[in-house]
Amino acid sequence: MDKLLNDFSPGLFLVQTILLLLLIFLMVKFAWKPIMDSLSEREEGIQGALDAAENAKKEMQNLQADNEKLLKEARAEREAMLKEAREIKEKMIADAKGEAQEQANKMVAQAQESIRSEKQAALAELKSQVANISVEIAEKVVRGELADKDKQLSLIDKMLGDVTLN
Amino acid sequence: MRIVQKSIKFLTVLAIALCSFHGFASDTDKKHDTQDDGGMINTKEEVEAYILHHIQDSHDFNLFSYTSDGERKHFGFPLPVIVWTSGGLKTFMSSEFHHDDSGHEIVEKGDVKLTKIHGKIYELDAGAAEVKFDADHHATNAHKVLDLSITKSVMGVLLVGLLLLWWFSSLARQYKKRQVPTGFGRVLEPLVLYVRDEIARPNIGEKHYRRFTGYLLTVFFFIWILNLLGLTPLGFNVTGQLAVTACLAIFTLVIYTASGNKHYWGHILWMPGVPVLIRPVLAIIELAGALVIKPFSLLVRLFANISAGHIVVMSLIAIMFTLKQSLGVVGATGLSLVLSFFITLIEVLVAFLQAYIFTMLSALFIGMAVEEAHH
Amino acid sequence: MEPVVTYNLIGAGLIVIGAGIGLGQIGGKAMEGIARQPEATNKIQTAMIIIAALLEGLAFGALFLGK
C-alpha cells in the first residue's frame with residue numbers, strides 16, 4: 001500500500017484529468033455527436049422506409065379488397081339485372097298468356113253469344129215458319145176436312161211426320 | 001488478431017535482437033555499467049527490478065539499451081520535464097539526467113537542485129549538495145515536486161487521444177457523404193453501435209442514455225486502445241498507472257454523483273422500507289459504497305489487471321535468462337516464447353474485457369443514479 | 001535466496017482461495033443457468049461478467065491493501 005501510494009503521481013493525475021476532459025470535449029463535439037446523429041438519422045430512415053413499405057403493403061391489400069368488393073358488387077348487380085330481366089320476361093309471357101286467354105275467352109264468349117243469338121233468331125224464324133206451316137197445314141187440313149175425315153187425319157199425321165223440329 | 005501477430009513478431013524480433021546485443025539491460029542502476037557482464041540481467045533480483053522499473057512511468061522514451069565497448073548505449077529519445085518547484089516552473093529535457101535514476105545526477109535550474117530517484121523527480125533541500133539515503137533507501141534531504149512532465153504515459157495518452165480524434169472524426173465526416181461508411185470506418189461503426197446498444201442503452205435506460213454515450217464511448221476506446229498499446233513492445237503502461245485509472249474512476253464518480261436524481265439520493269440517505277433506527281447506519285454504508293467503494297473498485301481493477309498482465313508477460317520473457325543455466329539457451333528461449341505467446345493472446349482478451357467492464361460498470365452506476373422511481 | 005514466507009503471502013493465498021471459490025460458483029451457476037435456458041445466454045453472461053468483475057475488484061483491493 002505504501003509503495004502504491006508512493007507510485008501515485010499527482011502530476012500525472014492532474015495532466016491526465018486535463019487531457020481526458022479535453023479529449024471527452026473534443027470527441028463529443030467532433031466525433032460522437034455527428035456520428036450518433038447520423039446513426040439515429042439512418043436508423044430512423046430505415047424505420048421510415050420499413051413503415052412505408054408496410055403501409056404500401058397494407059394499402060395494396062386494401063386496394064385488392066376494394067377491387068374484390070367492386071367485383072363482387074358488379075357480379076351481384078349483374079345477377080340482379082339478369083334476375084329482373086328473367087322476371088320481366090316471365091311476367092311478360094304470363095301477361096301475354098293471360099291476355100290471350102282473356103281474348104280467347106272473350107272470343108269464345110262472343111262466338112257463343114252470336115251462336116245463341118243466331119240460334120234464337122233461327123228458332124224465332126223456325127217458330128214463325130212453323131206457325132206459317134201450321135197455318136198452311138191447318139189451311140190444308142181444314143180444306144181436307146172438308147173432303148174426308150180420315151183423309152184429314154192421315155194428312156195431319158203425314159204432315160207432322162214430315163215436319164221435324166230441326 | 002493482426003495486432004497480436006504483429007506484436008508477437010515484434011517481440012520475437014526484439015528478443016533476438018536483444019540476445020545478439022548481449023543485453024536486455026536496464027538503466028536503473030549505474031553500477032551495472034561497471035560490472036564485467038556489461039549490464040546483463042541474469043538474476044531474479046535484477047529481473048524483478050527491471051520489471052518494476054517498466055511498470056513505472058518513465059521520463060524518457062527508452063526502447064532498449066545495450067553495452068558496447070564498455071559503454072552504455074540507449075536507444076530512444078528524451079521527453080520534456082516540466083516540474084513545479086519551490087523556485088517556480090522549471091522545464092528541461094530528461095536527457096539532462098543522463099539516464100540516471102538513482103539520485104546521483106543533479107540538475108541545477110536557477111537556485112533549484114533536481115534529481116531523479118526511481119522514476120520520481122525530487123527537489124533537494126536548500127543547502128544540500130547531494131542526496132542522502134536512509135536505511136530503507138528513502139531520500140532524507142529531498143522532497144517530491146509536482147511533476148507535470150510529458151512522461152511516457154502522458155505521451156501515450158496524447159497519442160491515443162490524437163488517434164481516436166483522427167479515426168472518429170473521419171468516421172463522422174464520412175456520414176456527411178454517404179449513409180454507410182467505407183474502409184476503416186466499417187470496423188469502427190459496429191464497435192460504436194456495440195457500446196451504444198449493448199452497454200449504454202440497456203444499463204442506463206432508453207430515456208437518459210443519450211446524455212452519457214459520449215463519455216462512455218470515449219472511455220471505452222481510450223482504455224481499450226491504451227491496453228492494446230501496452231501489449232506492443234513500445235513499453236507503454238498507461239492503464240497500469242494508478243493516477244490514470246484513478247482519474248478515470250473519479251470522472252465516473254463525478255458523473256453519476258452529479259446526475260443522481262431524488263430517487264437515488266433518497267435510497268442512499270434515507271432508505272425507505274426499513275426501520276427508522278437502521279436508516280442512519282444504512283446511509284453511512286450506502287454513502288461509503290457510492291463515494292468510495294465503487295470508484296475504488298473501478299480504479300483498482302483496471303490498474304491491477306493491466307499491471308499484473310505486464311508483470312506476467314515480462315516474467316515469462318525473463319525465463320529466457322533465469323532458466324538459461326538449467327534448460328540451455330534454446331530450451332529457455334523456446335519455453336519463454338511459447339508461454340509468453342499464449343499469455344499475450346489472453347492479454348489481448350483482457351485488454352478488451354477490462355475496457356468493457358470499466359465502461360459497463362460506469363454505465364451501470366450511472367443507470368442506478370438516473371433510474372426513475374417505479375413502485 | 002532462501003525461501004521467505006510472510007503473513008502477507010499467507011493472506012494473499014487466502015484471498016486467492018476465496019476469490020477462486022467465488023469465481024467457480026459464479027461460473028458454474030451461470031453455466032447451469034445457460035444450460036437450463038439457452039435463450040437467456042446473453043443476459044446471464046452479462047450478469048456473470050459484472051458479478052465476476054465486482055468479486056475481482058474486491059480480491060484485488062484486498063491484495064493491494066495487504067501488499
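Reminder, nothing fancy here: chain letters follow the sequence lines and each chain counts from 1. What's counted below: heavy atoms across the whole structure, side chains too, no hydrogens, waters or symmetry copies. As the structure is a prediction and not an experimental result, all values here were calculated from the model.
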S.K.: Quick check on the structure: residues of residues 358-365 of chain B within a heavy-atom distance below 4.5 Å of chain C, by number.
M.R.: B:Met360, B:Leu361, B:Leu364
S.K.: Which answer fits B:Glu198, side chain, backbone, both or neither, if we ask what part of it has an atom under 4.5 Å from a heavy atom of chain C?
M.R.: neither
S.K.: Any heavy-atom pair between the side chains of C:Glu56 and B:Asn305 that's under 4.5 Å?
M.R.: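 In short, these two side chains touch, coming nearer than 4.5 Å.
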S.K.: OH of B:Tyr356 to CD1 of C:Ile50: how many Å apart, nearest 0.5 Å?
M.R.: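 Here the interatomic distance stands at 6.5 Å.
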S.K.: Using a 6.0 Å cut-off, check whether atom CD of B:Glu189 has over 12 heavy atoms from anything other than its own residue.
M.R.: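 More than 12 within 6.0 Å, yes.
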S.K.: Enter the distance from C:Leu58:CG to B:Ser297:OG here, rounded to the nearest 0.5 Å.
M.R.: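 Here the interatomic distance stands at 9.0 Å.
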S.K.: Listed by chain and number, what are the side chain to side chain contact (heavy atoms under 4.5 Å, CB included) partners of C:Gln37, not counting sequence neighbours?
M.R.: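 Side chain to side chain contact (heavy atoms under 4.5 Å, CB included) check on C:Gln37 returns C:Glu39, C:Ala40.
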